[in-house]
Amino acid sequence: MVKKILMSLLPKIAIQAKALRKEVQLTDARLTILQQINLTINSGETVAVVGASGSGKSTLLGILAGLDTVSSGEVYLAGQPLHQLDDDARAQLRAREVGFVFQSFLLLPSLTALENITLPAELAGIKDATARGRKLLSDVGLTERADFYPSQLSGGEQQRVAIARAFITQPAILFADEPSANLDAATGAKIEDLLFALNEQQGTTLVLVTHNPQLAQRCKRQLNMHAGELTELKPEVGDVA
Amino acid sequence: MWLNIAARLFWRELRRGELWVIAFALCLAVFTVVSLTGITESVRAALSQRSSNFIAADKILRSSLPFNDEIFRSAEQLGLKTAKQMQFSTMVFAGDLMQLVSVKAVSPSYPLRGRLELKSSEQADAKTSNTVVKNQVFLEPRLLQLLNIGIGDSLELGVSRFVVGGIIAEEPDAPLSVFGNAPRVLMHVDDVAATEVVQPGSRIGYRYQFAGDGSALKTLEQQVKPLLTVHDRWQSLDRESAVGSALDRAEKFLLLAGLLGIVLAACAAAVAASQYSQRHQMAVAVIKALGTTTAMARRIYASHLAMVSLFSIITGLLLGQLASSGAQWFIEVWLGDYRPEFSSRPLWLGALTGLICATLFSARPIWRLAAVPALNVLRQRALSFQLDLWQLVTGGLAIWLLMWLFSGDWWLSSWLFVLCLAFAALLLGMAAVLVRLAKPMAAGQSSALKLALANLRRRLWPNSFQLITFSLALFLTLILYFLRSELISQWQQQVPAGAPNQFLVNINEVEKPQIIQLLTDNQLKAGDFYPMVSGRVLTVNNEKLPESEGREQNPEQSNPEQANPERQKGEQQADIADNTTAARRDTQNSGSANSGTTREGIGRELNLTWLHALPANNQIVAGKWFGAEDKAQVSVEEKLAERLALELGDTIGFSVGGQPFTATVSSFRKVDWNSLQPNFFMILSPDLMQNFPATYLTAFYLPKQQTALLNKMARSFPTISVLSVDNILKQVNDIIAQVSLALTVILVLVFAAAVLVLVAQVQATLEQREQELAILRTLGAKTVFLRKAVLAEFAALGLMAGVFATLLAEVLLAVVQMRLFQLPFSLHFNLWWIGPGLGLALICGLGWLLLRHLLQLPTPVLLRRALS
């Protein structure tokens, strides 16, 4: 009983990577993209991964989100061993636990703003998807744009729709890949505010990849990726090898 | 859950229009197959029904043995209409005069098809009837003159006496043979026994005539098979006649057009599906990143394909059936007596085509689409052209399978398929070379042209692929256009306006100038006079020829002109001079089999002529035509020469009226048996025949308003036989007009398929072009510059495709012309400007139409669209 109480007081682990390694086979050589990554991210943490282009940030994000597989090592997402799951099982886990915000928004051009937002909820089998979608649309200030297609929206509006889409399933973990890189400074700042506000509101774990030092500063933790190795720049909790 | 998403995405995709291209392509493939198969079957049915009129039945069983009532019972049980017919030659007597006549004794149900018109007098307004009456005979008008009797008088036939009930004004299966055709006497079949003409050993032709449903006729054929002997044989439409061969060529054309239409529609479906799949790669990556499994993504997109396929197949079937029914209606209006028959073949073949196109062409890209990794959301690679070997193989197999199913001809489909493959490979090689050449060519050009050439070079593989489909589409359209024109002009040449429609036979030397005078007086022009004598070929190189065994034993087969005068008009239209179908069949069937040392006799008399000049529709294939100084020579028709195993220089021994003589073979001739001109197997040098009494044959064109002249001619020259081929000419012209129309419809269909391929191809590049235009616009390119660049690129593609298509079309036209249609080869000069011109105009026009709106978009909108 005491043990159970003590356990509940300890922070929950959202993501964990042990001795993670990623290699790709080129025509005549084998390239190591990530080497010996050990990382623990607790629930509710906001973590920024910074680093130069080509340093392996996006690869790490892909692996942690269950989009990509490891060459060796172990990765746990919401307690599930991603390294042991097949493609479909990882997809189901993403549907339950993960939200995404991409640099180039990636809205489906054939769906309206509202339909884009409700899509993940429908995929996860959530019944009140439309009601939730309308609420989120209002949260991101686009109530009037519900029936607009992506091509009829500005970049900032598209990213706001993307953020609403990311939060509709109330995911435990949100991955954001350069969420404001395609936007001007003012719009980018608004998007970042929105992202952090919703994150705070829903208590989501946020892992974002960015070049932007200001954006990284807003996260509790900052990790630097350099030549496939990860170092902690702004340590709070957790250990980084 | 996935169904909801699939349905929502489906409707959105429909609104965006991308699925429509796949739908159109599938629909077109189904429509092409259903309409072409339906139209072909209707035309075939119409023509065979029409030829039924000329044999007065749908099917005839000919026998030299008396009627077997069991056969009639079987037919009646199957719901078929039946009629009896007996034919024989005998003498009739009227007072002191007697005449050899050809008797046709029929049951009252005769004719089952076509029209019999019996007149109570020779006056135009005389009372008419259409059935024979017992104890009466009906005569050919000239017989009244020959016997010097009138209607109502009586004559003796065998031991019976009959009243002349009237004259025969129209007889559906009247003989067209002009040799030995005694005047016709029509009587009731039940009266024959009383005449006692039929005795053991009499040469009587018995005919069982049947009419009714096609399947019942087939069943009957199967049922009575065990009852038949060597003395019985079925009669069917002869494909060697002018009508038969025109129809045969038209059918081949329809078949070819159908096959090419399928190839094009299938290409359009494949291109559209590939394009659809490429454009949706990111969407699939996104929904997979959001938690969709591969299986679910596959279900979503497969359901789209299923819905599109279902819609397209149903629409294609409906439209195809509609076109087919339209054609049937048209034929019905045209022919009047056409009885449409429903066939399910076009429908199931169409549905199967749709399914095969959907599964083997479109399913593969959709299958691959669902396998796009979710990780692509992070990579965001530009969509690249990927050649899917597996799809090429399955698609290729599907095309071949469809061709085979459609044509039912393994050889033709394989041949055409391999040819298309070879062309595609050749084009790919040529395209690659040309596109690579674009770089050095670009140097020193204007910047818009430079950009166009750079674009062509940069997208080498997609452009090569595009070039292949453009070229193939143009090539197939050109082929059909030229073949259609060629077929129509060949048919028209066969029956040119003002072609002789009346033949005069049995003209003696004295009558010759009188006939010329009569025609001249009536502003008519007599054709050449062909002298003729009947003779037998006895020896070749002094070696006696064997008689054709068994031929004389069966009067049904021995001498068609005498024993069986009522052969089909369709097959007899060219039955002038030596064009007896049986003789032609003899030579054609046994030609190669007897090309060794074994010679086969002819077994019948030939009509021999002697001419100074080679007839216009004859062609020397070996040796040379005899000159004025050449003596005792003979020119032989090539097939007969094969049958007799003749070589140039051989000596043939003839017998004319018991007088033997010999001639040396100096040439072999190819004869166009389909021409409505006198044709001869043997043409002798004039020196040989000077001492033989000959009669002459001539032909002339008689306008419709002057037909009264024929009666005058019959009265003035009772011994001359007048043979009118007006009906045949009309029939041939009708068929040509019908089939030409059908060919035009088909051409339009195939052209539509080709345009669809082009649209699908240009659409496939739209997204990439949109991005490029956005970049170029951002960099400051003006609209005029971009317009020029786009036009130049499409013009280059169109011109190249047009030139390739022209080259290949010329080659294939030569092959198809000579091999498939047996037409002489000719170079198509028009092709050389139509081909490149069409390519340039069509591809440039389509490219411009499809890209125009992109070029007109303001830069910010273009940028937003490109980035979204």
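Letters A, B, ... mirror the listed sequences (proteins, then strands); counts begin at 1.
- No part of T59(A) comes within reach of chain B, as not one of its non-hydrogen atoms sits under 4.5 angstrom from that chain.
- Chain B forms more heavy-atom pairs under 4.5 Å with one residue of S58(A), P120(A), P171(A), A95(A) than with any other, namely A95(A).
- Using a 4.5 Å cut-off between heavy atoms, D87(A) touches chain B through its side chain atoms alone.
- A donor-acceptor pair is defined here as one N or O able to donate and one able to accept, closer than 3.5 Å; such a pair exists between the side chain of R94(A) and the backbone of K288(B).
- Ring geometry for H83(A) against Y76(A) counts as perpendicular: the plane angle is over 60°, on a 0 to 90° scale with 30° as the lower cut.
- Both the backbone and the side chain of D68(A) come within less than 4.5 Å of a heavy atom in chain B.
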Could you walk me through whether L142(A) and F148(A) pass the side-chain contact (heavy atoms from CB on, under 4.5 Å) test, one step at a time?
CA-CA 10 Å; L142(A) 290 174; F148(A) 280 44; over 6 Å; no

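- Under the 3.5 Å distance criterion, the side-chain polar atoms of R165(A) are left unmatched by any main-chain donor or acceptor of N116(A).
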